[in-house]
Amino acid sequence: MSVRRGEERADAGGGGVARRTVTRSAVMLAAGALLGGGAVGTARAGQSERERTRAWVTPRLPAPSGPHPIGATTLYLVDPDRSDPWEPGIGVRELMLTVVYPARAVPGRPVARQMTEAAAALFAQIDVTVHHLPTSGVNWAATTTHAHLDAPAREVPGPVILYSPGGGDPRTLGTGLAEELASHGAVVVALDHPGDASEVDFPVTRPGRPERVRTTVLRADPRSDPGLFRTMIGTRIADIRFVLGQLAVLAAGGNPDAAGRALPPGLGRALDLGRTGVYGHSAGGTAAAQALFEDPRIRAAVDLEGYLDHPGPAPGRPGELFPVARYGVDRPLLLLGSAGFPHRGELARSWSAVRARSGGRVHRAEIAGGAHWVFTDYAALAPQLQAAGLMAAEGRRALVGPIGPAESVPLVRGWVRSFFARQLPRR
């Protein structure tokens, strides 16, 4: 989810959608080229905002099942020791995070939206085209979460679990699973990887990034470009490792937010960094598994259908295995795939390699009836859009498979939640 403290409008205070220098044609090019085709819909001339959204569908996120109310806040982090690999002119590496956590009390705290208005406006141009979603008729900015903005944290140290989304996807598409884990006692830290992510809404501007909203640089499937894929995964791993260090600052009583924004009361005391896990979808799963291999602070990881090898030098030729697959892991790793993923055969080589070299520490499972994005909020959202007549059955099946959300959502939640509960037990 994407939340902003004390603001309902993401463009308040400057740098909103109206001021961005990214042209509409450039955004359409990015969306169309990333995974191929589709026109971006626009409103009819003369329509007011009220008229355009009155009859539109507002997608709903499934409620978490745990006993705890949940809070959410954002963190803006800056790594001064790294230059941004996609936009070197920025000079540093910036990150946006959403922290979802068990709350002590929520009365009077507003419920967070899944996306800020500025991010939703770009989502409706970029993401809907990439994933063949409805180009009109959906009010993406109106979807609410179940987390309360800046609610005081429950000061009982819980496991800390980082989330890395799929290539080109924003962290907001992992809201449902993050809320589920937090409602059962975990603190979930969802990362955006700017430049890679479709859109990232920052609280401030800075030199080299004059606008608040930053869009993706990806123009093709990263698996078609070995150099780009290597940069993307390497950057994500470095992002994860930097965030771990900043969470240690937070747990020690500091405030790592680069804009100096106040944090929810008790948040640092809710972190048990001795029980740290990471999970990710697609490219995020690749990064999660390799980060587990590289960083001993991570005790367990879940790879949701991410390759553990590099793209091959030519079609049909296998690529180099990541070290996690070449050498195996000494801590638990869950590989969770879907029966409908069209590249299961390519995935099998690297997944089999890591299992063979890890002494029984790697477990593999599959969601029958699911497709690649069944691990994201699309599992619940796409069927709603189909039921509203806004999405064809074949589009929904390609995205999340024929499985219904009443089955898929508890399945994915159950696998990830139970894995971390076993591997990150209370001390």
Side-chain angles (χ1 to χ4, degrees), residues 34 75-79 81-88 90 92-99 160-174 177-178 188-200 202 214-247 276-295 297-298 300-311 319-325 329 333 335-336 347 350 354 372-373 375-376:
L34 185 56
L75 281 176
Y76 166 53
L77 302 182
V78 173
D79 184 351
D81 297 326
R82 281 191 296 156
S83 180
D84 190 281
W86 312 113
E87 297 288 350
I90 295 175
V92 296
R93 178 62 176 166
E94 301 176 283
L95 295 173
M96 281 303 297
L97 318 177
T98 297
V99 184
V160 179
I161 306 176
L162 279 64
Y163 169 64
S164 178
D169 284 341
R171 71 190 192 275
T172 52
L173 289 181
L177 183 51
V188 182
V189 181
L191 288 69
D192 263 334
H193 301 282
D196 169 346
S198 50
E199 60 279 327
V200 182
F202 291 96
R214 180 177 171 186
T215 56
T216 182
V217 303
L218 300 181
R219 297 294 183 269
D221 180 356
R223 290 290 293 183
S224 68
D225 184 333
L228 186 148
F229 187 78
R230 188 178 295 273
T231 298
M232 181 172 72
I233 301 303
T235 301
R236 285 166 168 259
I237 294 169
D239 289 346
I240 290 169
R241 301 189 70 173
F242 173 71
V243 168
L244 288 174
Q246 296 303 293
L247 293 176
T276 296
V278 60
Y279 68 105
H281 173 236
S282 196
T286 307
Q290 183 59 30
L292 175 72
F293 177 83
E294 294 184 15
D295 198 317
R297 293 174 294 182
I298 300 170
V302 178
D303 175 358
L304 303 171
E305 212 154 67
Y307 294 96
L308 298 181
D309 61 358
H310 293 275
E320 176 190 6
L321 292 171
F322 277 95
V324 64
V329 290
L333 171 64
L335 306 173
L336 188 57
L347 198 68
S350 63
V354 70
H372 190 54
W373 279 273
F375 305 107
T376 72

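In this chain, residues are counted from 1 in sequence order. Model, not experiment: these values are computed from the prediction.
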request  = With sequence neighbours left out, write down each residue that passes side-chain contact (heavy atoms from CB on, under 4.5 Å) with Glu294, or none if nothing qualifies.
outcome  = Ile237, Arg241, Gln290
inquiry  = I want to check something: taking the side chain as every heavy atom from C-beta on, are Ile233 and Phe322 in contact at a cut-off of under 4.5 Å?
reply    = yes
query = Do the rings of His281 and His372 sit parallel, tilted or perpendicular, given the 30° and 60° boundaries?
reply = tilted
key: Beyond-backbone contact of Thr231 with Trp86, side-chain heavy atoms, under 4.5 angstrom   = yes
query = Taking 4.0 angstrom as the limit, do Asp84 and Arg214 come out as a salt bridge?
reply = yes
key: Under 3.5 Å: donor-acceptor pair, side chain of Arg236, backbone of Pro165   = yes
query = Would you call Leu228 and Leu218 a side-chain contact if the rule is heavy atoms closer than 4.5 Å?
reply = yes
key: Approximate separation, where rounding is to 0.5 Å, of Trp373 CH2 and Leu173 CG   = 10.5 Å
ask   = Any side-chain heavy atom of Glu305 within less than 4.5 Å of one from Phe375?
value = yes
query = Taking side chain as C-beta onward, heavy atoms only, is Val189 less than 4.5 Å from Val243?
reply = yes
message = A side-chain contact here means heavy atoms from C-beta on lying under 4.5 Å apart; do Glu94 and Glu87 qualify?
response = no
query = Can you find a heavy atom in the side chain of Leu335 that is under 4.5 Å from one in the side chain of Val354?
reply = yes
